[in-house]
Number of protein chains: 2
Amino acid sequence: MARPRTPLLSRERIVAAALRLIDDEGLDALSTRRLATELSVSGPSLYNHFATKDELLDAVVDSVMGEVDLSMFGTSGSSGTTGVPGVPGEPGRAAWPEALRDWARSYRAALAAHPNIVPVLAQGPGRRPNALRLADAVFGHLVDSGWPRGQATRIGALMRYFVTGSALASFAAGFPADAEVYDAADYPHLGEAHRLAGHRGAVDEGAFETGLEALLDGLALRYARLAERS
Amino acid sequence: MARPRTPLLSRERIVAAALRLIDDEGLDALSTRRLATELSVSGPSLYNHFATKDELLDAVVDSVMGEVDLSMFGTSGSSGTTGVPGVPGEPGRAAWPEALRDWARSYRAALAAHPNIVPVLAQGPGRRPNALRLADAVFGHLVDSGWPRGQATRIGALMRYFVTGSALASFAAGFPADAEVYDAADYPHLGEAHRLAGHRGAVDEGAFETGLEALLDGLALRYARLAERS
DNA sequence: ACCTGAACACCGTTCAAGT
DNA sequence: ACCTGAACACCGTTCAAGT
């Protein structure tokens, strides 16, 4: 066949097929040969579009990060402080908790739709533009809201911990549905644990929302203390 | 050579070598052939001790989980309610926040010592005894402290989200140390991000502690509300 | 019971060859 | 520029053979 008149592949088509494969069969199922077969080409063809498998994975990860809504941090992506600056001296009116809540929900939704790729994504932004844009928007918004830069960094980090942790795997589904696993002599409090997997969605959603609200409440307490000390 | 008088391998020796390999070179570096070479045997020898590579990985994971301290939840592992039951009606005296704090620190320390295996471990307890013991101890302690069972489940889940997320990868190290990555036109607030990797330990530790305290404060608020409504 | 080498169906990646 | 088949050094796992 050799070179066709119109290219058989594009980076977009490859990324979409790779994400589908990862979603359906896991990260280990993504092999260059398998992916090529899925795209009806031979294995080495992919190397005309990506230098390595890692570079392809990077593109898949960034496509997922691109789904996260950042609009609550201000309309423009690069104009800096567009919103009203924060007033830490007057607690109760700060807008950052709502922005953080909306963002965390969108962040989790984007990741939980593709849990098998979360371990890769959780390694950090690297040089991926959508991941860097996200970090920039969160940090910028917190600083503009009156958080000291060191605290803003920590909040960005701990929010990522919580969101990636909650999207990495279902808590409920991690417990076998087989009641015989939970011998009362070994695990006296897990007698009902075999029912967890059946309520997977509700348990994980409830845990995420509880944790998110607890985190925001705890941070609001610290935000209020910022003003007292100044 | 065939069968030696004294076995060359044992499950313990294999697990220890596998964990070392994963720590030093990552999860992908663990191949049965490479591991066998490390142990000075041929590849198929491992199959006399583990049925599959997955079964070996499970044993590695449970050995890490075994390092987590659970003593703050009561001395005995199987006798149920040994401690003083909780009194949700009288906030401020509850012991569960301290137990949860100590446990979370030990949990994170155990996992952060082996970050490369956290993605496997985060899939849930499965049938691994040390992981089930941990879930049992946390849930039992929260219920004994007066938390309703549904809430106790959510707290167990959200704590796992936060701890696994914080141990999965360093936040600070995820930002390239190369200042040229952070073009001010694209990322107006990341001008100092290239310094993060240099303060890796302090940033991640600070973020974990801030998040942990915020979570516990937020949960204490909810615990106080439990009594008001009853 | 516990080790070996040979074999099977896979990998990621390189490269010369085709248009 | 973009695809192909052949080739290289790897994988996990099975199995017959050895003691």
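Proteins come first, then strands; the chains are lettered A, B, ... in the order of their sequence lines, and each starts at number 1.
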Rounded interatomic separation in angstrom, taking [atom1] from [X] and [atom2] from [N]:
| X | N | atom1 | atom2 | answer |
| --- | --- | --- | --- | --- |
| B:Y47 | D:dG12 | OH | P | 6 Å |
| B:D28 | D:dC11 | CG | P | 11 Å |
| B:I14 | D:dG12 | CD1 | P | 14 Å |
| B:R33 | D:dC10 | CZ | C1' | 8 Å |
| B:R34 | D:dG12 | CZ | P | 12 Å |
| B:L27 | D:dC11 | CG | P | 14 Å |
| B:N48 | D:dT19 | CG | C1' | 13 Å |
| B:L46 | D:dT13 | CG | P | 10 Å |

Below 4.0 Å: OP1/OP2 of [N] and any side-chain N or O of [X]:
| X | N | result |
| --- | --- | --- |
| A:S31 | C:dC11 | yes |
| B:T32 | D:dC11 | no |
| A:H49 | D:dA1 | no |
| B:S45 | C:dC3 | no |

Searching all strands shown, indicate the nucleotide that pairs with C:dT4 (Watson-Crick or G-U wobble; both distances under 3.5 Å).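 Checking every strand shown, C:dT4 finds its partner in D:dA16, with both distances under 3.5 Å.
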Look through every strand shown and name the nucleotide pairing with D:dC10 as Watson-Crick or G-U wobble, where both distances are under 3.5 Å. none
Ignoring hydrogens and angles, tell me if any N or O in the side chain of A:N130 forms a donor-acceptor pair with the backbone of A:M65 under 3.5 Å.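 Side chain of A:N130 to backbone of A:M65, a donor-acceptor pair under 3.5 Å: no, none is there.
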Measure from the side-chain N and O atoms of B:Y182 to the backbone N and O of B:P176, and report whether any donor-acceptor pair falls under 3.5 Å. yes
If you check every side-chain atom of [X], which of [options] has the closest atom?
| X | options | value |
| --- | --- | --- |
| B:P44 | D:dT13, D:dC3, C:dT13 | D:dT13 |
| A:V41 | D:dT4, D:dT14, C:dC2 | D:dT4 |
| B:K53 | D:dG12, C:dC3, D:dC2 | D:dG12 |

Ring centers of B:F162, B:F208 separated by less than 6.0 Å: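 Under 6.0 Å, so yes.
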Considering every strand and a 4.0 Å limit on heavy-atom distances, what is the contact class for B:L56: base, sugar-phosphate, or nothing? nothing
So B:L39, base contact, sugar-phosphate only, or nothing? Heavy-atom distance under 4.0 Å. nothing
Any side-chain heavy-atom pair of B:D54 and B:D58 under 4.5 Å: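 Counting from C-beta outward, B:D54 and B:D58 never come under 4.5 Å.
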Test B:W96 against every option in B:W147, B:F139, B:F73 by the ring pair (Phe, Tyr, Trp, His ring centres under 6.0 Å) rule and name the one that passes.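 Output: one option passes, namely B:W147.
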